[in-house]
Novice: 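First, the structure itself, so that you have it in front of you.
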Amino acid sequence: MVVLGAGPAGLLLGNLLLAAGIDCVVLERAARLHVQTRARAGFLAPNTVRILDRHGLADGLHRDGRTHGTCEFRTADGRFRLDYGTLGRREQHTVYPQQNLVTDLLTRYLDAGGRIRFHTEALAVHDADGARPHVTTREPDGRPTRWDARYVAGCDGRHGAARRSLPPGALRHHHDLGVSWLGLLAEAPPSLDAVGYAVHDRGFAGHMARSPQVTRYYLECPRGASADAWSEERIWDELDLRMRAAEHGPLRRGPIIERGVVDLACDVVEPLRHGSLLLAGDAASLTAPAAAKGANLAVLEAEILAGALAEALTGGDDAALDRYSAQCLAYIWRAQEFTQWMTGLLHATPGQDRSGGSFFHASLRRARLDSLRTSRAHQDWFAENYVCLSYTSEYTSAAAPVPTVGRRKIKKKN
Ligand code: APR
């Protein structure tokens, strides 16, 4: 087995394959230090915690993680809070910096005798349509090499070699959301005890605690904006404006230690299996940023893929591999649908100016926010989709049992 990429998907998959007695090697183009210190989303869904618990990989997050279950929306009509941990399925996130999770997974994998090659860039996956695929790589010293395997797991993200090696027939749904964010990491304590979403005529602003000393902020910015265009003071003044600090209290300022502009987009590759090449994590799909769906989907897909590969490699039965794509796509599309809704809730429709150049869209957004503020049923729906990834059995396999709605069984049509 060759696994491309040492992110959450690749490292969890490597651990589970090793535990199933399957020899695998992880090929990672970056240095170990980079992999272990990359600051990424740190919001683990309950299902993610359950998966890590199931495999004895959750010690770090139980020791250092902390539960979180509140969103605060700030709008022209005031602010309101949703304690989503008391709504829907009454589940909360665990805040645990992703670099800590990646370090936990990497350390366990190496301690268990797992093989990983850092500074080794996969260039392409060859003969994936057969039973003897191989990966060509550029080794740390620049030498070209090849790695032969029965299966290759592409966990190397949306710009990795796995995606580049997909056959022409692979379907890529790509959707540019027309919105860009200036992502900021501030060496400052969180200003709210909630995930903050500010909807403002000047644009969206977001607040997410990363640790007691570090806070992630987002500022919607024009497409093509430069991350260095604004001074720190201008950034904090704009954050104050959009988060309505004058009404709700000042933000806690500090040095901005990281900044970058991201154009919000989402995509899905279908199917996720191409012969002996399987995709998981960002290599499979990318969602708009909302509640760290990407990292949580990566963990979910890695567990499903590990089980299917174990059946194929130790039991010679690849039926589960055949089901892998449909099973994961059901979760992926549910996550896509919710993150699309969330992006529309928080941003003016691209091309429409916020002050209601399209009054119609601005009024729609206002109505959605009002419904979220006042309707318990809407709040339950929000909580379930904001936190959960694991849905009822109808969504977990193509061979799902006859779906039941309410008490009545629906007869499947032939
Ligand atoms: N060869 C080898 N390694 C590669 C290559 C390549 N050609 N291209 C990318 N990689 C490595 C990257 O250096 C990275 O370590 O693949 C890894 C992919 O990891 P992630 O981007 O973290 O992707 P994934 O494991 O799918 O996790 C998905 O986690 O990073 C967060 O929020 C982010 O949604 C994302 C989620």
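Counting convention: from 1, in listed order, for ligands and their atoms alike.
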Novice: Quick check against the 3.5 Å criterion: does R32 have a side-chain atom that pairs as donor or acceptor with the backbone of L106?
Specialist: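 No; zero donor-acceptor contacts below 3.5 Å.
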
Novice: Within the 4.0 Å heavy-atom shell around E121, which atoms of ligand 1 are there?
Specialist: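 Numbered from 1, ligand 1 contributes 1 (N), 7 (N).
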
Novice: May I ask you to identify the nearest protein heavy atom to atom 9 (C) of ligand 1, giving residue, atom name and distance to one decimal place in Å?
Specialist: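 Checked against all protein heavy atoms, atom 9 (C) of ligand 1 sits closest to D156 O, 3.2 Å.
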
Novice: Does any N or O atom in A283 lie less than 3.5 angstrom from one in ligand 1, N or O only?
Specialist: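 For ligand 1, there is no N or O atom that lies under 3.5 Å from one belonging to A283.
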
Novice: What protein heavy atom sits nearest atom 24 (P) of ligand 1, and how far off is it?
Specialist: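 For atom 24 (P) of ligand 1, the nearest protein heavy atom comes out as P8 CD, 3.9 Å.
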
Novice: When you look at CZ of R368, are more than 12 heavy atoms from neighbouring residues, nucleotides or ligands closer to it than 6.0 Å?
Specialist: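 It does: R368 CZ has more than 12 such atoms within range.
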
Novice: Among F73, Y218, W181, whose ring pair (Phe, Tyr, Trp, His ring centres under 6.0 Å) with F204 holds?
Specialist: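 Per the ring pair (Phe, Tyr, Trp, His ring centres under 6.0 Å) rule, the option paired with F204 is W181, out of F73, Y218, W181.
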
Novice: Check for me whether the distance between the ring centres of F338 and F382 falls short of 6.0 Å.
Specialist: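 That pair passes the under 6.0 Å test.
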
Novice: Starting from atom 28 (C) of ligand 1, which protein heavy atom do you reach first, and at what distance in Å?
Specialist: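 Ranked first by proximity to atom 28 (C) of ligand 1 is D282 OD1, 3.5 Å.
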
Novice: Taking heavy atoms and a distance under 4.0 Å, where does A292 meet ligand 1: side chain, backbone, both or neither?
Specialist: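 Neither part.
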
Novice: Do you see a donor-acceptor pair shorter than 3.5 Å between the side chains of W333 and H173?
Specialist: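 Absent: no donor and acceptor within the cut-off.
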
Novice: Counting only heavy atoms closer than 4.0 Å, does ligand 1 sit against the backbone of Q98, its side chain, both, or neither?
Specialist: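 Within the 4.0 Å criterion, Q98 contacts ligand 1 through side-chain atoms alone.
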
Novice: Determine yes or no for a side-chain-to-main-chain donor-acceptor pair under 3.5 angstrom, with D240 supplying the side chain and A245 the backbone.
Specialist: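 It does not hold such a pair.
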
Novice: Does ligand 1 have a heavy atom under 4.0 Å from the side chain of L11, from its backbone, from both, or from neither?
Specialist: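 Near ligand 1, L11 shows nothing, with every heavy atom at 4.0 Å or more.
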
Novice: Which residue and atom name correspond to the protein heavy atom nearest atom 1 (N) of ligand 1, and how close is it?
Specialist: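 The answer is A122 N, 2.9 Å.
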
Novice: Looking at R242 and E220, does any basic side-chain N land under 4.0 Å from a carboxylate oxygen?
Specialist: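 Judged by the 4.0 Å cut-off on N to carboxylate O distance, R242 and E220 do not form a salt bridge.
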
Novice: Would you mind running through ligand 1 and noting each atom that sits below 4.0 Å from a heavy atom of L27?
Specialist: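 Under 4.0 Å from L27, ligand 1 has these atoms: 2 (C), 3 (N).
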
Novice: Check whether the ring centres of Y197 and H207 lie less than 6.0 Å apart, and answer yes or no.
Specialist: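 No: the rings miss the under 6.0 Å criterion.
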
Novice: Any N/O of G160 closer than 3.5 Å to an N/O of ligand 1?
Specialist: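 No; the residue has no nitrogen or oxygen that sits under 3.5 Å from a nitrogen or oxygen of the ligand.
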
Novice: If the test is side chain to side chain donor-acceptor pair (under 3.5 Å), which one of R150, R132, H134 qualifies with S276?
Specialist: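 One option only clears the test, and that one is R150.
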
Novice: Among all protein heavy atoms, pick out the one at the shortest distance from atom 14 (C) of ligand 1; state its residue, atom name and that distance to 0.1 Å.
Specialist: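 I find the closest protein heavy atom is R38 NH1, 3.3 Å.
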
Novice: Whether E28 and R117 form a salt bridge (side-chain N of Lys/Arg under 4.0 Å from carboxylate O of Asp/Glu) is what I want to check.
Specialist: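 Not counted as a salt bridge, because no side-chain N and carboxylate O are separated by less than 4.0 Å.
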
Novice: Closest non-hydrogen protein atom to atom 30 (O) of ligand 1, residue and atom name please, with distance?
Specialist: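 For atom 30 (O) of ligand 1, the nearest protein heavy atom comes out as R40 NH1, 2.2 Å.
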
Novice: Under 4.0 Å, counting heavy atoms only: does H34 come that close to any atom of ligand 1?
Specialist: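 So H34 does not count as touching ligand 1.
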
Novice: For ligand 1, which atoms sit closer than 4.0 Å to a heavy atom of G5?
Specialist: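 Under 4.0 Å from G5, ligand 1 has these atoms: 11 (C), 16 (O), 17 (C).
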
Novice: Just going by heavy-atom distances, which of R138, E28, Q99 is nearest to atom 13 (O) of ligand 1?
Specialist: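 The nearest heavy atom belongs to E28.
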
Novice: So, is V35 polar-close to ligand 1, with some N/O to N/O distance under 3.5 Å?
Specialist: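 In fact, backbone or side chain, V35 has no N or O that close.
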
Novice: What atoms of ligand 1 come within less than 4.0 Å of a heavy atom belonging to G281?
Specialist: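 With G281 as reference, the close atoms of ligand 1 come out as 26 (O).
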
Novice: Can you tell me which portion of T120 lies within the under-4.0 Å heavy-atom range of ligand 1? Options are side chain, backbone, both, or neither.
Specialist: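 The part of T120 near ligand 1 is the backbone, not the side chain.
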
Novice: Output the list of atoms in ligand 1 that are nearer than 4.0 Å to some heavy atom of A9, sorted by atom number.
Specialist: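 Counting from 1, the qualifying ligand atoms are 25 (O), 26 (O).
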
Novice: Where's the contact between H159 and ligand 1, heavy-atom distance under 4.0 Å: side chain, backbone, both or neither?
Specialist: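 Neither part.
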
Novice: For ligand 1, which atoms have a heavy atom of A295 less than 4.0 angstrom away?
Specialist: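 Atoms satisfying the 4.0 Å criterion: 29 (O), 34 (O), 36 (C).
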
Novice: To the nearest 0.5 Å, what is the distance between CZ on R66 and OG1 on T94?
Specialist: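 Rounded to the nearest 0.5 Å, the CZ-OG1 separation comes to 10.5 Å.
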
Novice: What verdict does the side-chain hydrogen bond (donor to acceptor under 3.5 Å, both in side chains) test give for T137 and R146, after you've listed the backbone C-alpha separation in whole Å, the side-chain angles of each residue and the deciding distance to 0.1 Å?
Specialist: CA-CA 6 Å; T137 60; R146 68 178 269 166; over 6 Å; no

Novice: Is the ring centre of H347 less than 6.0 Å from the ring centre of W341?
Specialist: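 No, the ring centres sit 6.0 Å or more apart.
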
Novice: Name the closest protein heavy atom to atom 19 (O) of ligand 1, giving the residue it belongs to and the distance to 0.1 Å.
Specialist: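 Ranking protein heavy atoms by distance from atom 19 (O) of ligand 1, first comes G7 CA, 3.5 Å.
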
Novice: Which protein non-hydrogen atom lies closest to atom 3 (N) of ligand 1, naming both residue and atom, and how far is it?
Specialist: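 Of the protein heavy atoms, R29 N, 3.2 Å lies nearest.
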
Novice: Relative to the heavy atoms of C155, which atoms of ligand 1 are at a distance of less than 4.0 Å?
Specialist: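 Answer, ordered by atom number: 16 (O), 17 (C), 18 (C).
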
Novice: Is the shortest N/O to N/O distance between R164 and ligand 1 below 3.5 Å?
Specialist: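 For ligand 1, there is no N or O atom that lies under 3.5 Å from one belonging to R164.
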
Novice: Please check this pair: side chain of Y324 against backbone of L279, looking for a donor-acceptor N/O pair closer than 3.5 Å.
Specialist: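 A pair under 3.5 Å: yes.
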
Novice: Does the salt bridge (charged side-chain N to carboxylate O under 4.0 Å, His left out) test come out yes or no for R253 and E233, once each step is laid out?
Specialist: CA-CA 9 Å; R253 299 191 178 197; E233 190 181 356; 5.6 Å; no

